Q: 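To start, I am sharing the structure in question, which I have written as C-alpha cells.
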Amino acid sequence: MVHVLSSRVLLTPRDPEVSRDFYGRTLGLSVYREFGTGPERGTVYFVGGGFLEVSGRSDAPPTETLRLWMQVDDCAAAHEEVAARGAHVLRLPVQEPWGLIEMWIADPDGHRIVLTEVPARHPLRYRP
C-alpha cells in the first residue's frame, strides 16, 4: 500500500493571475505557500484537508471530468459572499434528494466547483 502523507490538486490555468484572483479573492482561500517568480509562479491554497495548487499556464480547455468539491458551513451564506465578489454561479443552493445542500460555480477557466453544506441531521454528520 502507498502511504500517502498529503495530497493536492494541480490546476494549470489559462491565465494564472486571473485564477489566483479567483481562488484567493473571490473564494477567499488562504495561501499555504507560493513558489517561483513572475506571472506563472505557483500558489498553493488550503482547501479543507487538502491543497489546490495553481501554477503554470495552459491553452487547453477545461476538462469535464475535473470537479472540485468543497464543504462549507453555510451554503446560502457562501453563495451571497462569492456572488458579491463576482463568481460565475452556475446553480443556486438547493437541497438535493440525498440531503446535501449544493451550489455550483465555475472558475475563470470553466472548471466546475461544488460548494456543499452537510445539514446537522444528515447521516454524514449524525448517526442515531
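For reference, positions follow the sequence shown, starting with 1. Note that the coordinates shown come from a computational prediction; the quantities given were computed from them, not determined experimentally.
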Q: Should Val31 and Val82 be regarded as members of a common hydrophobic cluster, given that ILVMFWY residues are connected when their side-chain heavy atoms come within less than 4.5 Å of each other, either directly or indirectly?
A: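 Yes, because Val31 and Val82 connect within a single hydrophobic cluster, where side-chain heavy atoms sit under 4.5 Å apart.
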Q: Identify, with sequence neighbours excluded, every residue that meets side-chain hydrogen bond (donor to acceptor under 3.5 Å, both in side chains) alongside Glu96.
A: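 Testing Glu96 for side-chain hydrogen bond (donor to acceptor under 3.5 Å, both in side chains), a comparison that skips the adjacent residues, returns Arg91.
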Q: Working to the nearest 0.5 angstrom, can you tell me the gap between Thr43 OG1 and Leu11 CG?
A: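 Interatomic distance, Thr43 OG1 to Leu11 CG, rounded to 0.5 Å: 11.5 Å.
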Q: Mind checking whether Phe22 and Val9 sit in one hydrophobic cluster, side chains of I, L, V, M, F, W, Y counted as touching below 4.5 Å?
A: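 Yes, same cluster.
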Q: Under the rule for salt bridge (Lys or Arg N to Asp or Glu O under 4.0 Å), what residues qualify as partners of Asp15, not counting sequence neighbours?
A: none
Q: Ignoring hydrogens, what is the shortest heavy-atom contact between Gln95 and Pro119? Give both atom names and the distance.
A: NE2-CG, 4.2 Å
Q: State which residues pass side-chain hydrogen bond (donor to acceptor under 3.5 Å, both in side chains) with Thr65; sequence neighbours excluded, sorted by chain then number.
A: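 If we apply the side-chain hydrogen bond (donor to acceptor under 3.5 Å, both in side chains) test to Thr65, skipping adjacent residues, the hits are Thr63.
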Q: State the CG-CD1 distance between Leu90 and Ile113, to the nearest 0.5 angstrom.
A: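 These two atoms lie 9.0 Å from each other.
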Q: Quick one: closest heavy-atom pair of Gly56 and Thr12, and the distance?
A: C-CG2, 3.9 Å
Q: Are Leu27 and Leu66 connected in a single hydrophobic cluster, I mean Ile/Leu/Val/Met/Phe/Trp/Tyr linked by side-chain heavy atoms less than 4.5 Å apart?
A: yes
Q: Let me check something: any side-chain donor-acceptor pairs from residues 104-112 under 3.5 Å, sequence neighbours excluded? List them with distances.
A:
residue, atom, partner, partner atom, Å
Asp107, OD1, Asp109, N, 2.9
Asp107, OD1, Gly110, N, 3.0
Asp107, OD1, His111, N, 2.9
Asp107, OD1, His111, ND1, 3.4
Asp107, OD2, Tyr23, OH, 2.7
Asp107, OD2, His111, ND1, 3.2
Asp109, OD1, Arg14, N, 3.3
Asp109, OD1, Arg14, NE, 3.3
Asp109, OD2, Arg14, N, 3.2

Q: With sequence neighbours excluded, what pairs up with Glu80 under the salt bridge (Lys or Arg N to Asp or Glu O under 4.0 Å) test?
A: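 With neighbours one apart ignored, the set is empty.
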Q: Taking salt bridge (Lys or Arg N to Asp or Glu O under 4.0 Å) as the cut-off, I'd like each qualifying pair that reaches into residues 22-32, sequence neighbours left out, listed once.
A: Asp21-Arg25
Q: What is the distance from atom CG of Leu115 to atom CE of Met70, rounded to the nearest 0.5 Å?
A: 7.0 Å
Q: Indicate yes or no for a side-chain donor-acceptor contact from Arg57 to the backbone of Glu40 under 3.5 Å, with no hydrogens or angles considered.
A: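 Side chain of Arg57 to backbone of Glu40, a donor-acceptor pair under 3.5 Å: no, none is there.
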Q: Heavy-atom distance under 4.5 Å between the side chains of Met103 and Leu92, does that happen here?
A: no
Q: Among all residues two or more places apart in sequence or in another chain, which pass the side-chain contact (heavy atoms from CB on, under 4.5 Å) test with Arg121?
A: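 For Arg121, the residues satisfying side-chain contact (heavy atoms from CB on, under 4.5 Å) (neighbours in sequence not counted) are Tyr126.
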Q: Salt bridge (Lys or Arg N to Asp or Glu O under 4.0 Å) with Glu53: which residues, sequence neighbours excluded?
A: Arg8
Q: Given side chains that start at C-beta, do those of Val47 and Leu68 come closer than 4.5 Å, heavy atoms only?
A: no
Q: Say whether Leu29 and Val114 are linked into one hydrophobic cluster, either directly or through other cluster members, by side-chain heavy-atom distances under 4.5 angstrom.
A: no
Q: Check salt bridge (Lys or Arg N to Asp or Glu O under 4.0 Å) between Arg67 and all other residues, then give those that pass, not counting sequence neighbours.
A: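 Result, salt bridge (Lys or Arg N to Asp or Glu O under 4.0 Å) vs Arg67: none returned.
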Q: Tell me, please, which residues at least two apart from Glu17 pass side-chain hydrogen bond (donor to acceptor under 3.5 Å, both in side chains).
A: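 side-chain hydrogen bond (donor to acceptor under 3.5 Å, both in side chains) check on Glu17 returns Arg20, Arg41.
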Q: Taking all non-hydrogen atoms of both residues into account, name the closest pair between Phe35 and Val44 and its distance.
A: CE2-CG2, 3.9 Å
Q: Where is the tightest heavy-atom contact between Cys75 and Pro93, given as atom of each residue plus distance?
A: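 Looks like O-CG, 3.9 Å.
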Q: So do Val54 and Pro13 actually touch side chain to side chain, heavy atoms under 4.5 Å?
A: yes
Q: Arg33: what forms a side-chain hydrogen bond (donor to acceptor under 3.5 Å, both in side chains) with it, not counting sequence neighbours?
A: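 Arg33: no side-chain hydrogen bond (donor to acceptor under 3.5 Å, both in side chains) contacts found.
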Q: Nearest 0.5 Å please: distance from the CD atom of Gln71 over to the OG1 atom of Thr116.
A: 7.5 Å
Q: Pairs in or reaching into residues 47-99: which pass ring pair (Phe, Tyr, Trp, His ring centres under 6.0 Å), with residues at least two apart or in two chains?
A: Tyr32-Phe51, Phe46-Phe51
